[in-house]
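By convention in this document, chain letters (A, B, ...) are assigned in the order of the sequence lines, proteins followed by strands, and residues within each chain are numbered from 1. A quick note: this is a predicted structure, and the numbers were derived from the prediction, not measured.
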There are 2 protein chains.
Amino acid sequence: MAEDLSQDFSLGEVQVASSPQERFEEYLQSKGQRITQQRRALVECVFEKHEHFDADELLEMVARHAEGASVSRATVYRTLDELVKAGLLRKMDLGGRAVYEHDYGYPQHDHLYCQQCHKLIEFRSEELMEIRDAVAAKHSFRVTGHRLIVSGVCEECSQKRHRRHSPLDLI
Amino acid sequence: MAEDLSQDFSLGEVQVASSPQERFEEYLQSKGQRITQQRRALVECVFEKHEHFDADELLEMVARHAEGASVSRATVYRTLDELVKAGLLRKMDLGGRAVYEHDYGYPQHDHLYCQQCHKLIEFRSEELMEIRDAVAAKHSFRVTGHRLIVSGVCEECSQKRHRRHSPLDLI
DNA sequence: GTTGTTGCAAATTTTTTGCACCCAC
DNA sequence: GTGGGTGCAAAAAATTTGCAACAAC
(Lines give C-alpha, C1' and ligand atoms only; values in the text may rest on other atoms or scores of the structure.)
Protein backbone atom coordinates (compact mmCIF):
# COMPACT_ATOMS: atom_id res chain seq x y z
CA MET A 1 0.00 0.00 0.00
CA ALA A 2 0.95 3.59 -0.50
CA GLU A 3 2.80 3.72 -3.76
CA ASP A 4 2.80 5.70 -6.98
CA LEU A 5 3.80 8.87 -5.24
CA SER A 6 3.45 12.02 -7.22
CA GLN A 7 6.38 12.74 -9.45
CA ASP A 8 4.88 16.05 -10.49
CA PHE A 9 7.49 17.99 -8.59
CA SER A 10 10.99 17.62 -7.33
CA LEU A 11 11.75 18.09 -3.69
CA GLY A 12 14.69 20.18 -4.81
CA GLU A 13 12.43 23.05 -5.74
CA VAL A 14 11.01 23.32 -2.30
CA GLN A 15 12.92 25.64 -0.05
CA VAL A 16 13.34 23.93 3.28
CA ALA A 17 14.64 26.03 6.14
CA SER A 18 16.29 22.98 7.68
CA SER A 19 16.22 19.23 7.45
CA PRO A 20 13.44 17.27 9.12
CA GLN A 21 15.98 15.97 11.59
CA GLU A 22 17.03 19.46 12.58
CA ARG A 23 13.46 20.61 12.69
CA PHE A 24 12.52 17.78 15.02
CA GLU A 25 15.42 18.45 17.34
CA GLU A 26 14.44 22.10 17.50
CA TYR A 27 10.93 21.06 18.40
CA LEU A 28 12.10 18.67 21.08
CA GLN A 29 14.42 21.19 22.64
CA SER A 30 11.77 23.87 22.62
CA LYS A 31 9.56 21.54 24.63
CA GLY A 32 12.28 20.42 26.98
CA GLN A 33 12.25 16.91 25.56
CA ARG A 34 15.23 14.76 24.80
CA ILE A 35 16.93 13.68 21.63
CA THR A 36 17.35 9.95 21.96
CA GLN A 37 18.84 7.31 19.71
CA GLN A 38 15.40 5.85 19.12
CA ARG A 39 13.94 9.16 18.01
CA ARG A 40 16.88 9.83 15.77
CA ALA A 41 16.60 6.41 14.16
CA LEU A 42 12.88 6.83 13.58
CA VAL A 43 13.11 10.28 12.00
CA GLU A 44 15.88 9.04 9.76
CA CYS A 45 13.77 6.13 8.55
CA VAL A 46 10.67 8.20 8.11
CA PHE A 47 12.36 10.77 5.91
CA GLU A 48 14.56 8.39 4.00
CA LYS A 49 12.03 8.27 1.23
CA HIS A 50 8.62 9.76 0.65
CA GLU A 51 5.93 7.18 1.08
CA HIS A 52 2.84 6.45 3.09
CA PHE A 53 3.28 4.10 6.01
CA ASP A 54 1.66 2.94 9.22
CA ALA A 55 3.10 2.26 12.66
CA ASP A 56 3.73 -1.37 11.88
CA GLU A 57 5.59 -0.64 8.68
CA LEU A 58 7.73 1.93 10.40
CA LEU A 59 8.60 -0.64 13.04
CA GLU A 60 9.84 -2.99 10.34
CA MET A 61 11.66 -0.21 8.53
CA VAL A 62 13.65 0.67 11.61
CA ALA A 63 14.52 -2.93 12.26
CA ARG A 64 15.79 -3.32 8.69
CA HIS A 65 17.42 0.11 8.51
CA ALA A 66 19.67 0.09 11.52
CA GLU A 67 20.17 -3.54 12.44
CA GLY A 68 20.55 -4.08 16.11
CA ALA A 69 19.02 -0.70 16.84
CA SER A 70 15.48 -1.95 17.10
CA VAL A 71 12.84 0.30 18.62
CA SER A 72 9.86 -0.95 20.57
CA ARG A 73 6.37 -0.69 19.22
CA ALA A 74 5.32 1.61 22.03
CA THR A 75 8.10 4.04 21.20
CA VAL A 76 7.12 4.03 17.57
CA TYR A 77 3.61 5.12 18.50
CA ARG A 78 4.88 7.70 20.96
CA THR A 79 7.32 9.14 18.46
CA LEU A 80 4.76 9.26 15.67
CA ASP A 81 2.58 11.40 17.91
CA GLU A 82 5.48 13.75 18.51
CA LEU A 83 6.27 13.97 14.82
CA VAL A 84 2.68 14.91 14.09
CA LYS A 85 2.69 17.52 16.84
CA ALA A 86 5.99 18.84 15.51
CA GLY A 87 4.36 19.36 12.13
CA LEU A 88 6.66 16.90 10.39
CA LEU A 89 4.10 14.21 9.66
CA ARG A 90 0.49 14.20 8.75
CA LYS A 91 -1.87 11.53 10.10
CA MET A 92 -4.74 10.00 8.16
CA ASP A 93 -7.27 7.44 9.30
CA LEU A 94 -7.70 5.00 6.47
CA GLY A 95 -9.71 1.85 6.91
CA GLY A 96 -9.28 1.64 10.64
CA ARG A 97 -5.55 2.15 11.03
CA ALA A 98 -3.55 5.34 11.03
CA VAL A 99 -1.44 6.10 7.98
CA TYR A 100 1.26 8.76 7.97
CA GLU A 101 2.96 10.86 5.33
CA HIS A 102 5.44 13.71 5.14
CA ASP A 103 4.06 17.11 5.92
CA TYR A 104 7.15 19.22 6.48
CA GLY A 105 8.95 20.32 3.33
CA TYR A 106 6.36 18.64 1.17
CA PRO A 107 3.67 20.48 -0.78
CA GLN A 108 0.01 20.28 0.12
CA HIS A 109 -1.74 17.56 -1.84
CA ASP A 110 -4.67 15.14 -1.75
CA HIS A 111 -5.28 11.51 -2.58
CA LEU A 112 -7.05 9.10 -4.82
CA TYR A 113 -7.59 5.92 -2.81
CA CYS A 114 -8.03 2.62 -4.61
CA GLN A 115 -10.47 0.47 -2.68
CA GLN A 116 -9.26 -2.59 -4.54
CA CYS A 117 -5.50 -2.55 -4.05
CA HIS A 118 -5.39 0.14 -1.34
CA LYS A 119 -2.96 2.23 -3.35
CA LEU A 120 -2.76 5.97 -2.64
CA ILE A 121 -2.20 8.28 -5.59
CA GLU A 122 -1.28 11.86 -4.80
CA PHE A 123 -2.48 14.89 -6.71
CA ARG A 124 -2.53 18.61 -6.28
CA SER A 125 -5.13 21.16 -7.23
CA GLU A 126 -4.89 24.87 -6.74
CA GLU A 127 -8.56 25.29 -7.60
CA LEU A 128 -9.44 22.98 -4.76
CA MET A 129 -7.65 25.24 -2.31
CA GLU A 130 -9.51 28.23 -3.65
CA ILE A 131 -12.86 26.55 -3.25
CA ARG A 132 -11.92 25.40 0.22
CA ASP A 133 -11.00 28.89 1.30
CA ALA A 134 -14.07 30.41 -0.30
CA VAL A 135 -16.38 28.01 1.50
CA ALA A 136 -14.58 28.58 4.78
CA ALA A 137 -14.80 32.33 4.37
CA LYS A 138 -18.52 32.06 3.80
CA HIS A 139 -18.82 30.35 7.19
CA SER A 140 -16.28 32.62 8.91
CA PHE A 141 -14.26 29.49 9.51
CA ARG A 142 -10.51 29.77 10.09
CA VAL A 143 -8.84 26.96 8.14
CA THR A 144 -5.78 25.18 9.42
CA GLY A 145 -5.77 22.38 6.88
CA HIS A 146 -7.87 19.81 5.09
CA ARG A 147 -7.98 16.21 4.04
CA LEU A 148 -9.56 15.03 0.81
CA ILE A 149 -9.66 11.39 -0.11
CA VAL A 150 -11.33 10.39 -3.34
CA SER A 151 -12.25 6.71 -3.23
CA GLY A 152 -12.71 4.45 -6.17
CA VAL A 153 -10.80 2.05 -8.36
CA CYS A 154 -7.47 2.84 -9.99
CA GLU A 155 -6.78 2.32 -13.66
CA GLU A 156 -4.73 -0.79 -13.04
CA CYS A 157 -7.40 -2.49 -10.97
CA SER A 158 -10.16 -1.48 -13.37
CA GLN A 159 -8.45 -3.54 -16.05
CA LYS A 160 -8.01 -6.68 -14.02
CA ARG A 161 -11.50 -8.15 -14.12
CA HIS A 162 -11.39 -10.44 -11.09
CA ARG A 163 -10.53 -8.77 -7.82
CA ARG A 164 -7.38 -10.24 -6.36
CA HIS A 165 -6.48 -8.95 -2.91
CA SER A 166 -8.85 -6.79 -0.95
CA PRO A 167 -11.37 -9.14 0.61
CA LEU A 168 -13.58 -6.24 1.63
CA ASP A 169 -14.19 -2.84 0.13
CA LEU A 170 -14.94 -0.63 3.07
CA ILE A 171 -14.79 3.11 3.50
CA MET B 1 -19.59 15.92 18.40
CA ALA B 2 -21.51 16.03 15.17
CA GLU B 3 -23.93 18.88 15.53
CA ASP B 4 -25.00 21.97 13.68
CA LEU B 5 -26.15 20.12 10.61
CA SER B 6 -26.58 22.23 7.55
CA GLN B 7 -29.87 24.01 7.37
CA ASP B 8 -29.16 25.21 3.86
CA PHE B 9 -31.72 22.87 2.44
CA SER B 10 -34.85 21.10 3.52
CA LEU B 11 -35.15 17.38 3.20
CA GLY B 12 -38.58 17.99 1.73
CA GLU B 13 -37.13 19.37 -1.47
CA VAL B 14 -35.18 16.25 -2.17
CA GLN B 15 -37.09 13.76 -4.25
CA VAL B 16 -36.63 10.34 -2.76
CA ALA B 17 -37.74 7.40 -4.83
CA SER B 18 -38.55 5.46 -1.69
CA SER B 19 -37.90 5.53 2.03
CA PRO B 20 -34.58 4.32 3.41
CA GLN B 21 -36.43 1.36 4.86
CA GLU B 22 -37.84 0.40 1.49
CA ARG B 23 -34.53 1.00 -0.18
CA PHE B 24 -32.77 -1.29 2.27
CA GLU B 25 -35.30 -4.04 1.84
CA GLU B 26 -34.90 -3.80 -1.91
CA TYR B 27 -31.17 -4.09 -1.50
CA LEU B 28 -31.46 -7.08 0.79
CA GLN B 29 -33.87 -8.88 -1.48
CA SER B 30 -31.72 -8.21 -4.51
CA LYS B 31 -28.87 -9.93 -2.73
CA GLY B 32 -30.93 -12.81 -1.41
CA GLN B 33 -30.57 -11.58 2.15
CA ARG B 34 -33.24 -11.48 4.79
CA ILE B 35 -35.29 -8.76 6.37
CA THR B 36 -35.01 -9.38 10.08
CA GLN B 37 -36.41 -7.60 13.10
CA GLN B 38 -32.93 -6.45 14.07
CA ARG B 39 -32.24 -4.92 10.69
CA ARG B 40 -35.60 -3.22 10.66
CA ALA B 41 -35.03 -1.77 14.12
CA LEU B 42 -31.59 -0.50 13.21
CA VAL B 43 -32.65 1.19 9.98
CA GLU B 44 -35.53 2.81 11.79
CA CYS B 45 -33.20 4.24 14.44
CA VAL B 46 -30.60 5.34 11.97
CA PHE B 47 -33.04 7.35 9.88
CA GLU B 48 -35.12 8.72 12.69
CA LYS B 49 -33.06 11.87 12.63
CA HIS B 50 -30.12 13.17 10.66
CA GLU B 51 -27.00 13.13 12.75
CA HIS B 52 -23.53 11.67 12.85
CA PHE B 53 -23.07 8.60 15.03
CA ASP B 54 -20.79 5.66 15.70
CA ALA B 55 -21.49 1.98 16.31
CA ASP B 56 -21.66 2.41 20.04
CA GLU B 57 -24.13 5.26 19.86
CA LEU B 58 -26.34 3.29 17.51
CA LEU B 59 -26.30 0.42 19.95
CA GLU B 60 -27.60 2.71 22.67
CA MET B 61 -30.12 4.31 20.35
CA VAL B 62 -31.67 0.96 19.52
CA ALA B 63 -31.82 -0.02 23.16
CA ARG B 64 -33.63 3.23 24.00
CA HIS B 65 -35.77 3.29 20.87
CA ALA B 66 -37.45 -0.07 21.01
CA GLU B 67 -37.16 -1.24 24.56
CA GLY B 68 -36.81 -4.96 24.91
CA ALA B 69 -35.78 -5.22 21.27
CA SER B 70 -32.08 -4.95 21.93
CA VAL B 71 -29.62 -5.85 19.21
CA SER B 72 -26.20 -7.31 19.81
CA ARG B 73 -23.07 -5.31 19.16
CA ALA B 74 -21.94 -7.74 16.48
CA THR B 75 -25.18 -7.30 14.60
CA VAL B 76 -24.85 -3.54 14.78
CA TYR B 77 -21.46 -3.76 13.10
CA ARG B 78 -22.70 -6.25 10.55
CA THR B 79 -25.73 -4.15 9.71
CA LEU B 80 -23.73 -0.94 9.46
CA ASP B 81 -21.58 -2.62 6.85
CA GLU B 82 -24.68 -3.62 4.92
CA LEU B 83 -26.10 -0.13 5.12
CA VAL B 84 -22.90 1.28 3.72
CA LYS B 85 -22.84 -1.29 0.94
CA ALA B 86 -26.49 -0.51 0.22
CA GLY B 87 -25.55 3.14 -0.22
CA LEU B 88 -27.71 4.29 2.66
CA LEU B 89 -24.91 5.32 4.98
CA ARG B 90 -21.53 6.86 4.56
CA LYS B 91 -18.61 5.88 6.73
CA MET B 92 -15.93 8.27 7.95
CA ASP B 93 -12.88 7.56 10.04
CA LEU B 94 -12.60 10.39 12.52
CA GLY B 95 -10.05 10.13 15.26
CA GLY B 96 -9.81 6.37 15.32
CA ARG B 97 -13.42 5.29 15.39
CA ALA B 98 -15.84 4.98 12.49
CA VAL B 99 -18.53 7.65 12.26
CA TYR B 100 -21.58 7.25 10.05
CA GLU B 101 -24.02 9.64 8.43
CA HIS B 102 -26.93 9.48 6.01
CA ASP B 103 -26.04 9.08 2.39
CA TYR B 104 -29.29 8.04 0.72
CA GLY B 105 -31.87 10.76 0.23
CA TYR B 106 -29.38 13.27 1.48
CA PRO B 107 -27.37 15.48 -0.80
CA GLN B 108 -23.65 15.04 -1.26
CA HIS B 109 -21.80 17.34 1.07
CA ASP B 110 -18.55 17.84 2.93
CA HIS B 111 -17.51 19.08 6.33
CA LEU B 112 -15.82 21.85 8.18
CA TYR B 113 -14.45 20.29 11.34
CA CYS B 114 -13.84 22.55 14.32
CA GLN B 115 -10.79 21.33 16.19
CA GLN B 116 -11.84 23.33 19.20
CA CYS B 117 -15.41 22.21 19.88
CA HIS B 118 -15.41 19.20 17.50
CA LYS B 119 -18.46 20.48 15.71
CA LEU B 120 -19.12 19.29 12.16
CA ILE B 121 -20.55 21.87 9.78
CA GLU B 122 -21.87 20.56 6.49
CA PHE B 123 -21.51 22.35 3.19
CA ARG B 124 -21.99 21.59 -0.47
CA SER B 125 -20.01 22.62 -3.48
CA GLU B 126 -20.75 21.69 -7.05
CA GLU B 127 -17.40 23.05 -8.18
CA LEU B 128 -15.67 20.66 -5.85
CA MET B 129 -17.35 17.70 -7.55
CA GLU B 130 -16.24 18.98 -10.92
CA ILE B 131 -12.64 19.29 -9.82
CA ARG B 132 -12.77 15.87 -8.23
CA ASP B 133 -14.04 14.27 -11.41
CA ALA B 134 -11.58 16.14 -13.57
CA VAL B 135 -8.64 15.00 -11.46
CA ALA B 136 -9.91 11.43 -11.44
CA ALA B 137 -10.38 11.44 -15.18
CA LYS B 138 -6.82 12.60 -15.64
CA HIS B 139 -5.68 9.49 -13.75
CA SER B 140 -8.23 7.15 -15.35
CA PHE B 141 -9.58 6.60 -11.87
CA ARG B 142 -13.17 5.43 -11.43
CA VAL B 143 -14.66 7.45 -8.57
CA THR B 144 -17.14 5.94 -6.18
CA GLY B 145 -17.12 8.76 -3.66
CA HIS B 146 -14.98 11.14 -1.70
CA ARG B 147 -14.49 12.58 1.73
CA LEU B 148 -13.32 16.12 2.38
CA ILE B 149 -12.81 17.40 5.87
CA VAL B 150 -11.60 20.95 6.29
CA SER B 151 -10.12 21.41 9.74
CA GLY B 152 -9.86 24.65 11.63
CA VAL B 153 -11.76 26.79 14.08
CA CYS B 154 -15.40 27.72 13.72
CA GLU B 155 -16.67 31.28 13.98
CA GLU B 156 -18.11 30.70 17.43
CA CYS B 157 -14.87 29.34 18.85
CA SER B 158 -12.79 32.02 17.18
CA GLN B 159 -14.65 34.62 19.20
CA LYS B 160 -14.28 32.92 22.55
CA ARG B 161 -10.69 33.68 23.46
CA HIS B 162 -9.98 30.86 25.89
CA ARG B 163 -10.55 27.36 24.59
CA ARG B 164 -13.19 25.55 26.57
CA HIS B 165 -13.65 21.82 25.84
CA SER B 166 -11.37 20.01 23.45
CA PRO B 167 -8.48 18.61 25.44
CA LEU B 168 -6.65 17.62 22.28
CA ASP B 169 -6.77 18.93 18.76
CA LEU B 170 -6.03 15.95 16.61
CA ILE B 171 -6.85 15.25 12.98
C1' DG C 1 -36.90 -27.54 5.47
C1' DT C 2 -33.12 -24.64 3.93
C1' DT C 3 -30.20 -21.16 4.40
C1' DG C 4 -29.11 -16.76 5.93
C1' DT C 5 -28.93 -14.33 10.66
C1' DT C 6 -28.17 -13.62 15.45
C1' DG C 7 -25.97 -13.67 19.92
C1' DC C 8 -22.31 -14.77 22.56
C1' DA C 9 -17.89 -15.19 23.56
C1' DA C 10 -13.43 -15.54 21.97
C1' DA C 11 -10.19 -13.74 18.81
C1' DT C 12 -8.04 -9.88 16.12
C1' DT C 13 -6.16 -5.61 15.30
C1' DT C 14 -4.48 -1.27 16.56
C1' DT C 15 -3.10 1.79 19.98
C1' DT C 16 -2.35 3.14 24.87
C1' DT C 17 -0.57 2.77 29.50
C1' DG C 18 1.79 1.39 34.08
C1' DC C 19 6.07 0.76 35.81
C1' DA C 20 10.89 -0.40 36.70
C1' DC C 21 15.11 0.58 34.63
C1' DC C 22 18.04 3.52 31.74
C1' DC C 23 20.17 7.46 29.57
C1' DA C 24 20.41 12.31 27.82
C1' DC C 25 21.25 16.57 29.75
C1' DG D 1 21.74 13.09 39.68
C1' DT D 2 17.29 13.73 37.88
C1' DG D 3 13.51 13.73 35.10
C1' DG D 4 12.12 12.37 30.74
C1' DG D 5 12.32 8.04 27.67
C1' DT D 6 12.21 3.20 26.70
C1' DG D 7 10.85 -1.58 26.73
C1' DC D 8 7.87 -4.91 28.15
C1' DA D 9 3.82 -6.76 29.10
C1' DA D 10 -0.75 -5.97 30.27
C1' DA D 11 -4.75 -3.14 29.24
C1' DA D 12 -7.87 -0.74 26.22
C1' DA D 13 -10.66 0.18 22.47
C1' DA D 14 -12.79 -1.06 18.22
C1' DT D 15 -14.13 -4.46 15.21
C1' DT D 16 -14.36 -9.26 13.42
C1' DT D 17 -15.32 -14.12 13.54
C1' DG D 18 -16.59 -19.19 14.77
C1' DC D 19 -20.35 -21.63 15.92
C1' DA D 20 -24.75 -23.42 17.65
C1' DA D 21 -29.36 -21.98 18.06
C1' DC D 22 -32.92 -19.44 15.38
C1' DA D 23 -35.93 -17.37 12.25
C1' DA D 24 -37.17 -15.75 7.45
C1' DC D 25 -38.52 -17.39 3.20
Side-chain angles (χ1 to χ4, degrees), chain A residues 1 21 24-43 45 52-60 62-63 66 68-86 89 91-100 118 166-171, chain B residues 1 21 24-43 52-60 62-63 66 68-86 89 91-100 167-168 170-171:
Chain A
M1 99 164 33
Q21 286 84 349
F24 190 42
E25 302 200 354
E26 264 174 45
Y27 165 83
L28 289 174
Q29 294 188 321
S30 77
K31 307 223 352 172
Q33 297 181 180
R34 292 170 182 172
I35 299 165
T36 63
Q37 297 188 328
Q38 291 84 337
R39 285 175 177 169
R40 247 198 281 262
L42 287 170
V43 178
C45 276
H52 302 84
F53 62 91
D54 60 27
D56 218 50
E57 290 167 338
L58 178 52
L59 189 66
E60 287 177 48
V62 182
S70 73
V71 174
S72 75
R73 187 176 298 277
T75 296
V76 168
Y77 280 108
R78 287 187 280 231
T79 303
L80 281 172
D81 282 349
E82 294 301 332
L83 287 168
V84 169
K85 282 192 222 153
L89 287 184
K91 185 179 184 179
M92 287 186 283
D93 285 307
L94 255 190
R97 80 192 134 303
V99 176
Y100 299 84
H118 296 176
S166 174
L168 54 159
D169 306 34
L170 298 178
I171 285 201
Chain B
M1 93 164 41
Q21 287 83 349
F24 191 42
E25 303 200 353
E26 264 174 46
Y27 165 82
L28 289 174
Q29 294 189 320
S30 76
K31 308 225 347 175
Q33 297 182 180
R34 290 171 184 172
I35 299 164
T36 64
Q37 295 188 329
Q38 290 86 337
R39 285 175 177 168
R40 246 197 283 260
L42 287 170
V43 178
H52 303 83
F53 62 93
D54 61 26
D56 219 48
E57 289 168 338
L58 178 53
L59 190 64
E60 289 177 46
V62 180
S70 74
V71 175
S72 76
R73 187 175 297 276
T75 297
V76 167
Y77 280 108
R78 286 187 281 230
T79 303
L80 281 172
D81 282 350
E82 293 301 333
L83 287 168
V84 169
K85 281 192 221 152
L89 287 184
K91 186 180 184 178
M92 288 186 283
D93 284 307
L94 253 190
R97 79 190 134 305
V99 176
Y100 298 84
L168 56 157
L170 297 177
I171 282 204

Using the test side chain to side chain contact (heavy atoms under 4.5 Å, CB included), find all partners of A/Gln29 that sit at least two apart in sequence or belong to another chain. A/Ile35

Could you pull out all residues at least two apart from A/Glu26 that satisfy side chain to side chain contact (heavy atoms under 4.5 Å, CB included)? A/Ser18

Closest heavy-atom pair and its distance - A/Val62, A/Cys45: CA-SG, 3.6 Å

To 10°, what angle do the rotation axes through the five end pairs on each side of the helix from C/dG1-D/dC25 to C/dC25-D/dG1 form? 40°

Partner set under side chain to side chain donor-acceptor pair (under 3.5 Å) for A/Tyr100, not counting sequence neighbours: none

Check side chain to side chain donor-acceptor pair (under 3.5 Å) between B/Glu82 and all other residues, then give those that pass, not counting sequence neighbours. B/Tyr27, B/Gln33

Between A/Phe24 and A/Leu28, is any pair of side-chain heavy atoms under 4.5 Å apart? yes

Any non-hydrogen side-chain atom of A/Arg73 less than 4.5 Å from a side-chain atom of A/Asp56? yes

Check the distance between [N]'s [atom2] and [X]'s [atom1] and give it to me in whole angstrom.
| X | N | atom1 | atom2 | value |
| --- | --- | --- | --- | --- |
| B/Arg34 | C/dG1 | CZ | C1' | 11 Å |
| B/Leu80 | D/dT17 | CG | P | 15 Å |
| B/Leu42 | C/dT5 | CG | C1' | 13 Å |
| A/Gln33 | D/dT2 | CD | C1' | 16 Å |
| B/Asp93 | C/dT14 | CG | P | 13 Å |
| B/Arg97 | D/dT15 | CZ | C1' | 14 Å |
| A/Glu57 | C/dT14 | CD | P | 10 Å |
| A/Leu94 | C/dT14 | CG | C1' | 14 Å |

Using heavy-atom distances to pick each residue's nearest nucleotide on DNA chain D, tell me which of B/Asp56 and B/Ile35 is more 5'. B/Asp56

Using only side-chain N and O atoms of B/Tyr77, determine if any of them is under 4.0 Å from OP1 or OP2 of D/dT15. yes

Are B/Arg39 and B/Glu25 ion-paired here, with the side-chain N under 4.0 Å from a carboxylate O? no

Which pairs, protein N/O on one side and nucleotides 6-13 of chain D N/O on the other, fall under 3.5 Å?
{"from": "D/dT6", "atom 1": "OP1", "to": "A/Thr36", "atom 2": "OG1", "distance (Å)": "2.8"}
{"from": "D/dT6", "atom 1": "O3'", "to": "A/Gln38", "atom 2": "NE2", "distance (Å)": "2.9"}
{"from": "D/dG7", "atom 1": "OP1", "to": "A/Ser72", "atom 2": "N", "distance (Å)": "3.4"}
{"from": "D/dG7", "atom 1": "OP2", "to": "A/Ser72", "atom 2": "N", "distance (Å)": "3.1"}
{"from": "D/dG7", "atom 1": "OP2", "to": "A/Ser72", "atom 2": "OG", "distance (Å)": "2.6"}
{"from": "D/dG7", "atom 1": "OP2", "to": "A/Thr75", "atom 2": "OG1", "distance (Å)": "2.4"}
{"from": "D/dG7", "atom 1": "N7", "to": "A/Arg78", "atom 2": "NH2", "distance (Å)": "2.8"}

Measuring from B/Glu60:CD to B/Asp54:CG, what's the distance to the nearest 0.5 Å? 8.5 Å

